[in-house]
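Have a look at this one.
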Amino acid sequence: MAATSGPGAGPRRRHLEALAREVEARGLQGLLTEDLMLRVVDPSGGRALLVVAMPMSRIRWSFLWAGGGQADADDPARAAELIARTLGR
């Protein structure tokens, strides 16, 4: 089942959209893909990563990215800080 229409697609989109606003406030670019992942790019260095939002329980969501990155989706500002550090900002 596609992430864009399956169970959890609405909450997944909301979490990733909130994260996109936070990474953009830090000078990064956030692009929500069709399959509901967030592509985050550092325009100054060209580095990029993909972030997914995954349910960890019935009510808790987390952001996950390569290299073992993880943050609580209830705190997108903290997640954006960690992502910025991962990208060398």
Side-chain angles (χ1 to χ4, degrees):
M1 186 172 295
T4 57
S5 61
R12 179 171 283 118
R13 177 179 296 279
R14 284 190 299 276
H15 288 304
L16 292 171
E17 287 173 345
L19 180 58
R21 287 188 295 274
E22 291 292 339
V23 298
E24 289 170 359
R26 287 156 180 79
L28 302 170
Q29 296 173 338
L31 173 66
L32 191 60
T33 68
E34 286 185 29
D35 51 354
L36 292 183
M37 291 186 282
L38 186 66
R39 185 169 191 272
V40 180
V41 178
D42 178 358
S44 67
R47 293 183 66 193
L49 57 80
L50 287 174
V51 180
V52 296
M54 297 295 296
M56 303 312 269
S57 71
R58 289 184 61 188
I59 59 171
R60 303 291 297 176
W61 285 73
S62 287
F63 295 119
L64 306 169
W65 59 92
Q70 182 173 352
D72 190 331
D74 287 337
D75 190 354
R78 173 77 176 133
E81 288 296 325
L82 294 171
I83 290 167
R85 281 192 224 150
T86 300
L87 292 175
R89 287 302 270 320

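Keep in mind that what you see is a predicted model, and the values were worked out from it rather than measured. Residue numbers start at 1 and run along the sequence shown.
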* **Nearest heavy atoms of Val52 and Leu16, plus distance in Å** =>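 For Val52 and Leu16, the tightest heavy-atom pair comes out as C-CD2, 4.3 Å.
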* Is Leu82 reachable from Leu64 through a run of I, L, V, M, F, W or Y residues, each pair having side-chain heavy atoms under 4.5 Å apart? ->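 In one cluster with Leu64: Leu82, no.
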* To do: Only pairs at least two apart or in different chains count here, so list each salt bridge (Lys or Arg N to Asp or Glu O under 4.0 Å) that has a residue in residues 37-53.
  =>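 Output for this query lists Asp42-Arg89.
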* Asked: Considering all heavy atoms of both residues, which atom of Arg12 and which atom of Met54 are nearest to each other, and what is their separation?
  ->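 Answer, listing the atom of Arg12 first, then Met54: NH2-SD, 4.0 Å.
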* What heavy-atom pair brings Phe63 and Pro76 nearest, and what distance separates the two atoms? ->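 Heavy atoms only, the tightest pair is CE1-CA, 4.2 Å.
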* Partner set under salt bridge (charged side-chain N to carboxylate O under 4.0 Å, His left out) for Arg14, not counting sequence neighbours ->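 Arg14 satisfies salt bridge (charged side-chain N to carboxylate O under 4.0 Å, His left out) with no other residue.
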* To do: Sequence neighbours left out, what passes salt bridge (charged side-chain N to carboxylate O under 4.0 Å, His left out) with Arg60? Give chain and number order.
  =>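 Testing Arg60 for salt bridge (charged side-chain N to carboxylate O under 4.0 Å, His left out), a comparison that skips the adjacent residues, returns Asp72, Asp74.
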* Asked: Leu31 and Met37: same hydrophobic cluster, using ILVMFWY side-chain contacts below 4.5 Å?
  ->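 No, no single cluster joins them.
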* Any Lys/Arg nitrogen of Arg26 or Glu22 sitting under 4.0 Å from an Asp/Glu carboxylate oxygen of the other? ->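 Salt bridge: yes.
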* Asked: If we only count heavy atoms from C-beta on, is the Ile83 to Leu19 side-chain gap below 4.5 Å?
  ->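 Sidechains of Leu19 and Ile83: in contact.
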* With the side chain counted from C-beta on, respond yes when Trp65 and Leu38 share a heavy-atom pair under 4.5 Å apart, and no when they do not. =>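 Of all side-chain heavy-atom pairs linking Leu38 with Trp65, none is under 4.5 Å.
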* **Same apolar cluster: Leu32 and Val23, side chain cutoff 4.5 Å** =>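 Yes, one cluster joins them.
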